Number of protein chains: 2
Amino acid sequence: MEPIADKKKAIFISTMELVRDKGFHGTPMSMVAKHAGVAAGTIYHYFESKEQLITELFDYAQQQVIEVVEQETCAAIPFKDCFFNLWGGLYTFYQNNQNLLRFFEQFVNSPYSTARPPLEEDKFYTLLFAFFERGIQEGLLKEVSPKILATLTHSSVLSMAKLTGSGRLHLDRKELEQILQLIWDGIAFDR
Amino acid sequence: MEPIADKKKAIFISTMELVRDKGFHGTPMSMVAKHAGVAAGTIYHYFESKEQLITELFDYAQQQVIEVVEQETCAAIPFKDCFFNLWGGLYTFYQNNQNLLRFFEQFVNSPYSTARPPLEEDKFYTLLFAFFERGIQEGLLKEVSPKILATLTHSSVLSMAKLTGSGRLHLDRKELEQILQLIWDGIAFDR
DNA sequence: GCAGACCGAATGAACATTCAATTGGGATTA
DNA sequence: TAATCCCAATTGAATGTTCATTCGGTCTGC
């Protein structure tokens, strides 16, 4: 990824933080500008419109999640370990990036995202599907559609990260491992 | 629940449908009015403001989900059956009420909901927590916080209902039972 | 002195909300 | 029964505000 011009990054980050707190409505461009320390007009030097800004921000944010997945899904590591690493890696990432998590959840449930390419062309989901495909092929996972396994697993990560991120609940290491084991028990073959 | 005046209900339903398609932003009161077949001013006869309308709509919608939970969580039925009924009942409900599901997901991830009472005072989650508490007490579920079990289970229902509701995937009865079994294998003790 | 980055006041459209006016039907009176 | 009154329900045009976007101009490095 080529380095992002400073101002552009500042606009991204400000937008993400403001959307987290105030939603898409509730974050005027003027506020993004002030928060990012740029003039309103400058935003339009980098982005065609508010919609474009939001959409590009989503891609920018998703790229970061994709990097986590790519880092943790290594074919050289046993699948089960890989699965644990992936779940933990994603959980930690979302946990440390609540802004991004909140922005994401708002985006994917908004009309912005319905106008986008379907799951099949989405790099994030393609990676996840492939990973679970591997688990099935190795005979470790139940023979359920990888789409379903991926969706269930990811939604468990998201819901836990949201729960602990909101400060409503703290999970220590032991509990996290318990949860992770629980998910694994669900999807794994044999038992 | 006392019967809702017709117009009020029409406003609720229109708002839910419009928000599903166009988001909170993107659904002006004037549009709600036209869609509901009332004048703009009429909405303000029933609701103080747009925010109030949205918030009350959420309560109205949540009440319907609560009724599903109350109907399916019966202490006289063995816990495991109850669990299967509950999961299936919620799934079917969300599946048949995509409007509501989409509205919900937008709401809970928006700033509207952060201004609301915490989980502990939320009737829906109180019911769910109590249900999972029962499962733990009966020695059927792993000894994990009921909050976590409830959150994980509910998020699995939601993600499946979203997946199939979007038309991206069809699940036949057999697959659904497979998924439900998978969730149960995760949370149930013993194995 | 050129080009691109940047500024921020100005513009115009969209929107939430208000309110003066109208309706309709149920109660009260004659 | 008819005439009258009352008031909640309803209307929709008008209001004032907020906001996305524009654009003429300034700045900076080359």
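This is a predicted model, so every value here is computed, not measured. Reminder, nothing fancy here: chain letters follow the sequence lines and each chain counts from 1. Side chains included, hydrogens not; waters and symmetry mates left out as well; all remaining heavy atoms used.
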Exercise. Mapping A:H45 and A:A40 onto DNA chain C by nearest heavy atom, which one lands closer to the 5' end?
Worked result: A:H45
For this session: Establish, from distance only, whether the side-chain atoms of B:Q62 and B:D122 form a donor-acceptor pair under 3.5 Å.
Result: yes
Exercise. If you look at every strand shown and take non-hydrogen atoms under 4.0 Å, does A:F47 touch a base, only sugar-phosphate, or nothing?
Worked result: nothing
Exercise. Between C:dC6 atom P and A:I11 atom CD1, what is the distance in whole Å?
Worked result: 8 Å
For this session: Please tell me if the side chains of B:L152 and A:S159 come closer than 4.5 Å, counting only heavy atoms from C-beta onward.
Result: yes
Problem set entry | Straight-line distance of B:N99 CG to B:F12 CZ, nearest 0.5 Å | 14.5 Å
Problem set entry | Ring centre gap for A:Y112 and B:H25 strictly below 6.0 Å | yes
For this session: Indicate, with yes or no, if the rings of B:Y91 and B:W87 have centres closer together than 6.0 Å.
Result: yes
Exercise. Expressed in angstrom and rounded to an integer, what is the separation of A:K34 atom NZ from C:dA9 atom C1'?
Worked result: 14 Å
For this session: Using whole Å, report how far CD1 of B:I54 lies from P of C:dC15.
Result: 14 Å
For this session: Assess the pair A:F24 and B:F24: is the distance between their ring centroids shorter than 6.0 Å?
Result: no
Seminar exercise, completed: 5'-most to 3'-most nt of DNA chain D touching chain B (<4.0 Å, heavy-atom partner on protein side) reads D:dA9 to D:dG12
Problem set entry | DNA chain D: 5'-proximal contact among A:F24 and A:T42 (nearest heavy atom) | A:F24
Exercise. Rounded to the Å, how far apart are A:M31 CE and C:dG8 C1'?
Worked result: 17 Å
For this session: Take the protein atom OH of A:Y44 and the nucleotide atom C1' of C:dC7, then report the distance between them rounded to whole Å.
Result: 15 Å
For this session: Give the rounded distance in Å between these two atoms: NZ of A:K7 and P of C:dC6.
Result: 5 Å
